[in-house]
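For reference, the structure is listed below as structure tokens.
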Amino acid sequence: MPARILILGGTTEARGLADRIAEGGRHTVVTSLAGRTADPEPRKGAVHLGGFGGEDGLRDYLAAEGVDLVVDATHPFAARISVAAKSATEAAGRPYVKLERPGWTETEGDRWTRVASLAEAADAIAPCARAFVTVGRQELSPFLRRTDVTVIARTIERPEHPLPERVRLILDRPPYALETELAVLMRYRIDVLVTKDSGGTATAAKLAAARQIGLSTIVVDRPAGQPPADAGDVESCLALIDRHLAAP
Ligand code: NAP
């Protein structure tokens, strides 16, 4: 029997999974996107844009749309939706599968400081440093409070609110290559790199570039209290979906 699968998206993995399920032709797939990105990349299958109205709204949606299984493929730092999705899916009596890419690990030559939050990351920057801040356009405010620090922020889309004049904004879109990351670090005379532990390959070159030149790096840990990952990549997620849907 074809199943109806809802993917909570916003990541490369979500897009890859939607394409694979749609290409398989056995099941129908809907990807939901929060609607933060003005021009989301195309994917196969249907798209639901915007939130559900919290946990209750999602539970109602699952019932109304006859969703058989939910894959939570949201970003590791999207903390609210994951907690709500797990509860709503379980309350609806449907399988919940969390697809989350593994975090990055420190290797020889890295000079990492791990912190628990963006606020701690901002506090950890040395006085008067030049910081390459790659945490997303909606998370810049703790860094803007450090008026002694020269912030060079890189975001995919322009931040909603104008930035102070002293902040340099680089607009660019992953994937990034090692050579271009090295060039950014040199050109802006960066003293410290700030990143979330997002994992994956598309944005990992900045870590390799920092390692190569011995740059100190502040890594924000993933939020606590999240549902654990059931699959770390698209292939193992597909296998898990098959197992759930085959179960009596
Ligand atoms: P969040 O704090 O966990 O979610 C806030 C609210 O946005 C949720 O309560 C939900 O609204 C809505 N929402 C989030 N993801 C959704 C989805 N896939 N489909 C439908 N509604 C969704 O999330 P966030 O950190 O703002 O991230 C928003 C989206 O951007 C996520 O889908 C995530 O995958 C993507 N993203 C986030 C980051 C990051 O660093 N946080 C980075 C890259 C991509 P309702 O309560 O109304 O249902």
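As the structure lists them, so they are numbered: ligands from 1, and atoms in each ligand from 1. Quick caveat: nothing in here was measured; it's all calculated off a predicted structure.
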Taking 4.0 angstrom as the limit and counting only heavy atoms of G54, give me the atoms of ligand 1 inside it, by number and element.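 Ligand 1 atoms under the 4.0 Å threshold to G54: 45 (P), 46 (O), 47 (O), 48 (O).
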By number and element, which atoms of ligand 1 are closer than 4.0 Å to a non-hydrogen atom of F77?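 Listed by number with element, the hits are 25 (O), 39 (C), 40 (O), 41 (N).
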With respect to [X], determine whether any N or O atom, backbone or side chain, lies less than 3.5 Å from an N or O atom of ligand 1.
X	answer
A73	no
T74	no
H75	yes
G53	yes
S32	yes

Identify the closest protein heavy atom to [atom]: which residue and atom is it, and at what distance?
atom	result
atom 48 (O) of ligand 1	F52 N, 2.7 Å
atom 11 (O) of ligand 1	G51 CA, 3.7 Å
atom 23 (O) of ligand 1	A78 CB, 3.5 Å
atom 16 (C) of ligand 1	A34 CB, 3.6 Å
atom 32 (O) of ligand 1	G9 O, 2.9 Å
atom 44 (C) of ligand 1	G10 O, 3.3 Å
atom 2 (O) of ligand 1	R80 NE, 3.5 Å

Backbone N/O of A3 and side chain of H27: donor-acceptor pair under 3.5 Å: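 Pair found, side chain donor or acceptor close to backbone of A3.
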Taking the six-membered ring of Y188, is NZ or CZ of R154 closer than 6.0 Å to its centre and within 45° of its axis?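 Negative - R154 is either too far from the ring of Y188 or too far off its axis.
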Backbone, side chain, both or neither: what part of [X] comes under 4.0 angstrom of ligand 1, heavy atoms only?
X	answer
A79	backbone
R36	side chain
L58	neither
K196	side chain

Tell me, do L207 and W112 make a side-chain contact under 4.5 Å, heavy atoms counted?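 Side chain of L207 against side chain of W112, heavy atoms only: contact under 4.5 Å found.
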Verdict with supporting geometry, E179 and L182, side chain to side chain contact (heavy atoms under 4.5 Å, CB included): CA-CA 5 Å; E179 295 69 33; L182 281 167; 5.7 Å; no
Any non-hydrogen atom of G50 lying under 4.0 Å from ligand 1?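 Flag set, G50 near ligand 1.
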Once the angle between the rings of H75 and F77 is folded into 0 to 90°, is it parallel (under 30°), tilted (30 to 60°) or perpendicular (over 60°)?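 Correct class here is tilted.
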Any idea which of I156, I81, L118 brings a heavy atom closest to atom 3 (O) of ligand 1?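 Nearest heavy atom to atom 3 (O) of ligand 1 lies in I81.
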Working to the nearest 0.5 Å, report the span between CZ of F132 and CG of L193.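 Going from CZ on F132 over to CG on L193, the span is 7.0 Å.
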L99 and L8: same hydrophobic cluster, using ILVMFWY side-chain contacts below 4.5 Å?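 No, no single cluster joins them.
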Using the rule that two of Ile, Leu, Val, Met, Phe, Trp, Tyr join whenever any of their side-chain heavy atoms come within less than 4.5 Å, decide whether V192 and V135 are in one cluster.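 Result: yes, single cluster for both.
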Carboxylate-amine/guanidinium proximity below 4.0 Å for [X] and [Y]:
X	Y	result
K86	E90	yes
R211	D110	yes
E106	R114	no

Apply the side-chain contact (heavy atoms from CB on, under 4.5 Å) test between F143 and each candidate in V167, L118, V149; give the one that qualifies.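 The single option meeting the side-chain contact (heavy atoms from CB on, under 4.5 Å) with F143 is L118.
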